[in-house]
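Sequential numbering from 1 along the given sequence is applied to the chain's residues. Nothing here was measured: the structure is a model prediction, and the numbers come from that model.
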Amino acid sequence: GRSMPALDGILIGLCMAALALTKATYAVSLAPVILIGLIARRWWRAIFWAALAGLAVMAVVTLLAGPQIWGAYLGDLLTVARSDVRPQPGKSLAAVATNPAYLAGTITLLAAIVFLRQSERMAEGMMLLLLAPGVIYITYQNFGNDPQWLVLLAMLAATLRPAAGVINGFGWDMRKALGMAALSALAFGLPSVINLTYSPVRLLGAETEKTVPLTKVRPELADILTPQDRIYGVLEIHDGDGPDSEFAEFASYSDRSREIATLNGETLPYCEMMSGTTAWSETVAADLVAAGYGGKRIVATDVFANFWLYGPFPPVKRAAPWYYDDLSGFENADYILVPLCAVSLGIRADVVKTLNERNITLTEVRRTPLYLLMTAKSAS
């Protein structure tokens, strides 16, 4: 029951620093509101210690990783934020707030805000109102779009219930009303919490008979197991209404313009790989080595460019193993590999289009049924 502003501040600072290093957009969504809340309560000492703890974490990271980490981190965030390839990992922001699966949680949040204000918890109600856009944004940014903030809302609503006898204009008992809001938030958020709690236990008991290592080349990754049918069972989607097909007359009804890539005047096949990426990567890596390209730095016009996982290929400087945007690292590659059946047709088309727009000439040096291998030369 004692006031401990220094400990409060240090805990807030450390937690926000961890959040910033884990996923900065979450920290950016919450930090201004947390600061407003601390100022509203006049917790100046807590603000001081929070800032000190956060700066201490930044100093340690800078010491370990070098000052360049902050510019690189910010650059990555801006690249992803401005990317047309994958601006969000799930549903749209409007859907996360108003779709049937989420609407009940949003209504519960708004009800809790109103009930707090009617309970004369004016500062707390205002804080929760300011937090609302942030928590919905975090849900939108989170893969799977689980509204995990609902459990925190339940805790807040239960903790901030007023004493019995506080009545609003409709004659409702605010203690009971906030209790109902807490119970509703807990009910709506419980599936996600149960899944998080149960998943480690489920993992320990998972069947491993039909799993294989993600890659055979890297023994240090041998404990990363994946269902074998997912990475070795090759499934592809092809267009069924091509010029020589029985459905050619219906081709004009489909719009695939964003997914069609044209390279040096050649329209690349409409083929998308649904599973079997490891089978494809191992086969292509072995073929490249056999053709004398082992040890070369290679990027791909697709989602993945992780050839170093599957053969004797060095990682390409500044190129991530997962493509988001901006051709990062392409300038450091010896070759650009164009898959004839891509994991993402949209990304393949976007990369080829960007290369064309930047007046980069691609010259074919090898063609197989699986890929085209190109050298790149800038017009400038």
Side-chain angles (χ1 to χ4, degrees), residues 1-82 88-89 109 112-113 116-117 119-143 146-161 182 185 189 192-193 196-197 200 318 320:
R2 291 185 295 116
S3 175
M4 303 180 72
L7 180 60
D8 287 340
I10 290 171
L11 290 174
I12 290 171
L14 292 177
C15 288
M16 289 302 296
L19 197 60
L21 292 171
T22 305
K23 192 155 187 176
T25 49
Y26 293 3
V28 170
S29 300
L30 300 179
V33 186
I34 292 172
L35 182 60
I36 291 171
L38 294 173
I39 292 173
R41 289 179 172 272
R42 293 179 172 78
W43 284 8
W44 309 114
R45 288 182 63 192
I47 293 173
F48 170 78
W49 284 104
L52 199 63
L55 289 171
V57 172
M58 288 183 65
V60 171
V61 173
T62 303
L63 186 64
L64 294 174
Q68 68 274 7
I69 187 176
W70 302 113
Y73 190 14
L74 180 61
D76 285 347
L77 292 171
L78 291 175
T79 296
V80 175
R82 290 185 285 213
Q88 77 274 341
L109 172 61
I113 293 168
L116 283 172
R117 300 280 289 179
S119 303
E120 300 192 11
R121 299 269 194 182
M122 307 302 284
E124 290 87 348
M126 182 58 67
M127 279 289 299
L128 194 55
L129 178 62
L130 294 173
L131 275 173
V135 296
I136 292 173
Y137 178 78
I138 286 173
T139 305
Y140 154 76
Q141 279 271 297
N142 190 30
F143 183 81
D146 270 3
Q148 294 168 355
W149 53 268
L150 281 168
V151 177
L152 297 177
L153 174 63
M155 294 170 61
L156 282 170
T159 304
L160 296 174
R161 287 177 300 161
S192 178
V193 174
L196 283 173
T197 306
R318 294 191 68 247

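- Under the side-chain contact (heavy atoms from CB on, under 4.5 Å) test applied with R121, the options L128, L160, I113 reduce to a single match, L160.
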Distance-only criterion, 3.5 Å: show the donor-acceptor pairs between side-chain atoms of residues 146-159 and protein atoms not counting sequence neighbours.
| from | atom 1 | to | atom 2 | distance (Å) |
| --- | --- | --- | --- | --- |
| D146 | OD2 | S192 | OG | 3.1 |
| W149 | NE1 | T139 | OG1 | 3.0 |
| T159 | OG1 | M155 | O | 2.7 |

For residues 17-24, which side-chain donor-acceptor pairs fall under 3.5 Å, sequence neighbours excluded?
| from | atom 1 | to | atom 2 | distance (Å) |
| --- | --- | --- | --- | --- |
| T22 | OG1 | A18 | O | 2.6 |
| K23 | NZ | Q141 | O | 3.0 |

Let me have the donor-acceptor pairs involving side chains of residues 62-69, under 3.5 Å, with sequence neighbours excluded, atom names and distances please.
| from | atom 1 | to | atom 2 | distance (Å) |
| --- | --- | --- | --- | --- |
| T62 | OG1 | M58 | O | 2.7 |
| T62 | OG1 | W70 | NE1 | 2.7 |
| Q68 | NE2 | A65 | O | 3.2 |

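- Atom OG of S119 sits about 6.0 Å away from atom CG of L116, to the nearest 0.5 Å.
- If you take CG on L52 and CD1 on I47, they are separated by 13.5 Å, rounding to the nearest 0.5 Å.
- With sequence neighbours excluded, the residues forming a side-chain contact (heavy atoms from CB on, under 4.5 Å) with L14 are I10, A53, V57, listed by chain and number.
- Scored by the ring pair (Phe, Tyr, Trp, His ring centres under 6.0 Å) test, Y26 finds no partners at all (sequence neighbours excluded).
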Result block: side-chain N/O donor-acceptor pairs under 3.5 angstrom for residues 30-45, not counting sequence neighbours:
| from | atom 1 | to | atom 2 | distance (Å) |
| --- | --- | --- | --- | --- |
| R41 | NH2 | E124 | OE2 | 3.1 |

